[in-house]
Amino acid sequence: MNTTGTVRVRFAPSPTGALHLGGVRTALFNWLFARHYNGKFILRIEDTDQTRSTDESIKVILDGMKWLGLDWDEGPFRQTERMEIYRAHVDKLLKEGKAYHCYCTPEELDARRKEAMAAGRPPKYDRKCRTLKAPVEGRTPAVRFLSSDEGQTIVRDLIRGAVTFENQQLDDLIIQRSDGLPTYNFAVVVDDVTMNITHVIRGDDHLNNTPRQIQLYSALGYEPPKFAHLPMILGPDKTKLSKRHGATAITEYIDLGYLPEALVNYLARLGWSSGDQEIFSPKELIEKFTLENVGKAPSVFNQEKCVWLNHHYIQQADPGRLAELVLELLKKDGVVKQGAEPDLEWFKKLVKILIERSHTLVEMKTAALPFLADEIQLDEKAKAKHLTPDVALLLIELAGKLKSTEPFTHTEIEKVFNGLVAEKGIKLGKIAQPVRVALTGGTVSPGIYDVIEVMGKDKTIKRVEAAAAGIK
RNA sequence: GGUCCCAUCGUCUAGCGGCCUAGGACGCUGGCCUCUCACGCCGGAGACACGGGUUCGAUUCCCGUUGGGACCA
């Protein structure tokens with residue numbers, strides 16, 4: 001690939017809602033491409049649609065990118081701050097006769113479109129205003145691009161190869177609406193040109209816009225950038241991923257307890273691969289990422305695999321970091337009150353014993369609950385199965401032994417259990433399960449010695465005795 | 001409807017004419033480990049959409065069909 005000169009790519013989201021997975025993947029690929037080739041990654045906010053754009057949404061996008069670690073080198077630029085630039089380019093085209101005023105109202109266009117469809121003709125603009133001699137009184141015109149209707153426009157896409165479009169099929173598209181705002185296709189071209197973008201890497205859904213844009217570049221007298229159209233991310237029903245497929249916004253994944261590195265790794269592998277490798281650090285991704293290994297086929301977002309990666313990265317993560325993240329979740333839920341945080345070192349110990357069986361931070365949070373609460377509710381089924389009359393005495397005996405256990409550590413606690421088991425000639429499960437239920441309320445938890453150690457002597461004995469007392 | 005794109009296990013993918021009895025990962029599943037659940041380890045089921053070419057030889061190249069998707073309305 002020709003990479004002489006600095007690579008400049010951009011991510012250009014519309015701030016009309018959440019930052020969702022498709023957008024994130026586009027941003028990620030652009031970012032990886034820029035970093036791989038030591039280029040620049042530019043962030044541009046496409047907010048010309050002022051009725052739908054919000055500052056809140058811009059904040060969500062920027063926060064999401066930061067969370068993922070996708071740092072940008074220039075921007076964020078906002079299109080609303082660049083209106084003069086668009087206007088100047090429109091004027092230039094008008095002056096050179098490459099664009100013309102169109103006085104047709106949306107209603108008129110709509111009517112003619114319907115007429116054309118009814119008559120079996122393609123619903124294309126009929127170019128009525130192309131030959132207009134004088135302005136129409138009392139109307140503010142839109143501006144249309146005078147496109148060629150002969151020949152072909154070939155998009156040389158870095159992922160798809162050459163894609164040919166018949167110019168005849170292309171419309172005289174509006175580049176400036178009657179309210180003076182530039183249209184999407186026009187603003188994009190002007191922006192990419194004036195920002196010296198070298199590679200436009202974007203979703204497949206823009207491939208059909210590309211020939212028009214190429215024509216605009218050449219009308220404006222600019223060399224078009226190189227294009228690369230990424231395959232879409234689909235939902236389980238194989239249609240474009242959208243809200244009805246469940247969690248699609250990046251913020252939802254934060255709330256669900258995902259780690260950014262897991263999401264980055266997962267999204268990188270959607271539509272891109274490097275042999276058999278599944279796990280990539282950001283550094284490796286940057287090293288190995290090229291457009292050559294980007295696939296053409298759309299891919300379905302698979303929650304299970306994403307969770308698996310999240311589990312993997314939770315195992316790798318620093319317990320201190322996890323402790324802080326889980327604590328945040330607990331505060332958000334109101335389980336932990338500001339100023340009443342548990343001892344951080346103790347909490348870290350707790351987190352450590354939960355790591356292995358946690359797929360998300362939310363799971364970790366849930367598993368931490370019995371350790372934080374003063375009182376616990378015993379699961380009825382677990383109680384019925386494990387807290388049976390024959391274990392009442394065992395529990396009392398165990399509690400007694402634990403009272404004099406010093407130091408109160410995994411090793412010493414294990415000795416107590418082993419001693420009791422040998423003495424009574426029972427299986428470990430006979431006592432471990434009832435204790436687990438007594439301490440955590442349920443039948444699933446980390447290893448019982450770890451649970452006891454972290455729970456602490458007082459709480460352990462209190463709960464074991466309470467459980468024994470509750471057996472009828 | 002028009003234009004464009006796409007097509008390997010359920011899903012993500014490797015494969016860039018012979019190495020393929022099609023490899024890996026998630027998920028599913030049988031077993032081992034075991035104080036529960038996980039983790040881990042060992043094993044299993046599971047795909048080249050179809051039909052024509054091209055070629056000594058097609059998953060791989062070409063054409064068509066089918067299917068799916070996107071865009072424009």
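Since this is a predicted model, take the numbers as computed values, not measurements. In what follows, chains are A, B, ... by sequence order, proteins preceding strands, each numbered from 1.
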Study note, to complete from the structure: 5' to 3', nucleotides 5-18 of chain B under a 4.0 Å protein heavy-atom cut-off (B base, S sugar-phosphate only, - none) gives SSS---SBSS----
Only pairs with both distances under 3.5 Å count, Watson-Crick or wobble alike; so what is the partner of [N] in this structure?
N     : answer
B:C20 : none
B:C61 : B:G53
B:A70 : B:U3
B:C33 : none
B:A38 : none
B:G10 : B:C26

Check your understanding: Which salt bridge (Lys or Arg N to Asp or Glu O under 4.0 Å) pairs, counting each pair once, include a residue from residues 294-308 of chain A, with sequence neighbours left out?
Key -> A:E278-A:K305
Practice item. Using the salt bridge (Lys or Arg N to Asp or Glu O under 4.0 Å) rule, collect all pairs that involve residues 418-447 of chain A, keeping only residues at least two apart or in two chains. Key: A:D390-A:K430, A:E397-A:K424, A:K401-A:E423
Check your understanding: Quick one, which residues of residues 356-370 of chain A touch RNA chain B with a heavy atom under 4.0 Å?
Key -> A:E356, A:R357
Check your understanding: Near RNA chain B, which residues from residues 426-455 of chain A have a heavy atom under 4.0 Å away?
Key -> A:L428, A:G429, A:A432, A:Q433, A:R436, A:T443, A:V444, A:S445, A:P446, A:G447, A:I448, A:Y449
Practice item. Not counting sequence neighbours, which residues clear side chain to side chain donor-acceptor pair (under 3.5 Å) with A:K288? List them please. Key: A:Q277
